*Asks:* 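Quick one: the structure is below, questions incoming.
Keep in mind the model is a prediction, meaning the values are calculated, not measured. All residue numbers refer to positions in the sequence shown, counting from 1. Counting starts at 1 for both ligands and their atoms, following the listed order.
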Amino acid sequence: MRLTKKDLLGMKDLSIDEINLILDTAESFIEVSTREIKKVPTLRGKMIINLFMEPSTRTRTSFEIAGKRLSADTINISASTSSAVKGETLIDMARNLEAMNPDVIVIRHGASGAPHLLAKRIRQSVINAGDGAHEHPTQALLDMMTIKAKKGRIAGLKAAIVGDIAHSRVARSNIYGLTRMGAQVAVAGPATMLPRFIEQMGVTVHHRIEDAIRGADIIMMLRIQMEREHQNIFPSLREYAKYFGLNRKNIRLAKDDVLVMHPGPINRGIEIAPDIADGPASVILEQVTNGVAVRMALLYLLSGGKA
Ligand code: CP
């Protein structure tokens with residue numbers, strides 16, 4: 001089976017079959033990263049541009065590693081070293097990159113919809129590596145891969161997503177993906193962090209973390225986005241940690257074999273206690289490992305590969 005899309009822009013656009021294709025392909029690539037020589041010739045001669053207009057550690061590095069492990073050439077461009085600082089528009093920049101004939105452009109941008117705009121204007125495949133507060137589909141796919149690897153399934157599981165749902169592209173992509181794959185999703189956060197009409201996305205809404213994580217198979221904690229949030233969204237970080245942080249006391253409400261997830265970077269002691277982030281239920285670093293395999297799968301499938 002092939003992925004017939006030109007671009008990967010969001011989880012909202014993916015069918016169950018497409019999600020399964022990506023996850024199965026990613027699983028087949030896991031082994032490459034465990035070899036002594038971590039390289040296969042699959043994408044030799046292909047060129048991937050990572051255009052990161054916002055900071056990133058995990059996503060940018062794993063896209064670069066994914067490309068290199070498939071023998072593609074990879075180029076990284078960041079906002080501060082690009083002609084965006086001279087006032088060049090995103091479309092002009094993308095059309096100039098298009099003129100150099102790469103095969104895939106991976107883009108992270110602070111504006112929701114930026115990857116969609118690019119995908120319409122250039123002939124290359126575009127992968128959304130996070131656009132504003134809209135979507136982060138590769139994060140949701142690596143999260144689902146981690147859940148499937150640990151639990152053997154996604155359907156029927158109870159997942160709690162806790163934190164700033166309103167501003168989180170990770171939450172939005174996971175809600176689309178997990179509900180489509182048959183999981184039950186509960187969200188919790190302060191009222192100022194819960195978007196209106198969120199229940200229309202098929203989730204249950206709670207105002208206390210305890211109510212969302214009770215009986216959960218999966219707890220996904222969201223990062224407090226210091227760079228985006230204004231102080232008036234919640235009174236203080238100390239109070240946020242007290243009422244919405246995951247800690248050794250409230251985690252007891254979840255199932256004994258609960259998985260604790262976080263997209264990173266984590267704010268230790270705010271949304272998650274350090275002993276929980278580093279504890280036996282945490283799969284945070286396995287999420288990062290699976291991120292390389294998911295991105296290898298997407299680069300392969302969007303370049304015409306088949307499973
Ligand atoms: N999860 C995630 O997107 O992390 P980075 O911002 O480091 O890429």
Side-chain angles (χ1 to χ4, degrees), residues 8-11 22-23 26 33 48-69 74-82 104-115 126-147 149 159 161-178 218-229 246 259-268 270-272 276-278 282-299:
L8 188 278
L9 300 176
M11 293 306 297
I22 296 164
L23 298 185
S33 295
I48 295 153
I49 295 181
N50 292 323
L51 179 57
F52 275 66
M53 307 304 281
E54 274 195 334
S56 167
T57 298
R58 280 145 288 269
T59 313
R60 191 172 84 166
T61 310
S62 61
F63 264 114
E64 186 173 1
I65 291 173
K68 287 187 189 317
R69 290 202 175 146
T74 56
I75 304 282
N76 293 319
I77 302 175
S78 61
S80 62
T81 57
S82 76
V104 179
I105 295 185
V106 178
I107 177 170
R108 169 169 289 191
H109 202 285
S112 298
V126 173
I127 300 179
N128 181 359
D131 63 323
H134 181 219
E135 279 228 39
H136 193 349
T138 62
Q139 179 69 45
L141 288 162
L142 72 87
D143 291 341
M144 287 194 282
M145 182 180 177
T146 307
I147 293 168
I161 306 179
V162 181
D164 186 358
I165 310 295
H167 298 96
S168 175
R169 55 197 178 205
V170 174
R172 189 178 296 270
S173 284
N174 266 297
I175 290 170
Y176 284 132
L178 290 171
I218 315 289
I219 303 175
M220 202 175 278
M221 298 305 294
L222 300 175
R223 180 174 71 90
I224 289 294
Q225 300 183 42
M226 311 285 194
E227 76 281 16
R228 288 193 220 273
E229 278 154 9
L246 185 66
L259 301 183
V260 173
M261 308 182 78
H262 192 301
I266 61 176
N267 295 302
R268 286 176 180 271
I270 300 177
E271 68 266 6
I272 188 166
I276 301 298
D278 302 329
S282 172
V283 291
I284 294 171
L285 294 178
E286 283 157 86
Q287 291 172 260
V288 177
T289 301
N290 289 334
V292 174
V294 156
R295 288 159 182 139
M296 286 172 81
L298 286 167
L299 293 173

*Asks:* Dump the intermediate steps for side-chain contact (heavy atoms from CB on, under 4.5 Å) on I77 and N50, then the final yes or no.
*Replies:* CA-CA 6 Å; I77 302 175; N50 292 323; over 6 Å; no
*Asks:* Can you check side-chain hydrogen bond (donor to acceptor under 3.5 Å, both in side chains) on S112 and D131, steps first, answer last?
*Replies:* CA-CA 5 Å; S112 298; D131 63 323; 5.0 Å; no
*Asks:* Test salt bridge (Lys or Arg N to Asp or Glu O under 4.0 Å) on R58 and E64 and set out the steps.
*Replies:* CA-CA 10 Å; R58 280 145 288 269; E64 186 173 1; over 6 Å; no
*Asks:* I'd like to know if R108 and E135 make a salt bridge, using a cut-off of under 4.0 Å between side-chain N and carboxylate O.
*Replies:*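 Result for this pair is no, no salt bridge flagged.
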*Asks:* Would you say the side chain of R268 lies within less than 4.5 Å of the side chain of D278, judging by non-hydrogen atoms?
*Replies:* yes
*Asks:* For L142 and G291, work out which heavy atoms get closest and say how close.
*Replies:* CD2-CA, 3.6 Å
*Asks:* With a 4.0 angstrom cut-off on heavy atoms, strictly below it, pick out the residues next to ligand 1 and order them by chain and number.
*Replies:*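 Within 4.0 Å of ligand 1, protein side: S56, T57, R58, T59, R108, H136, Q139, P263, G264.
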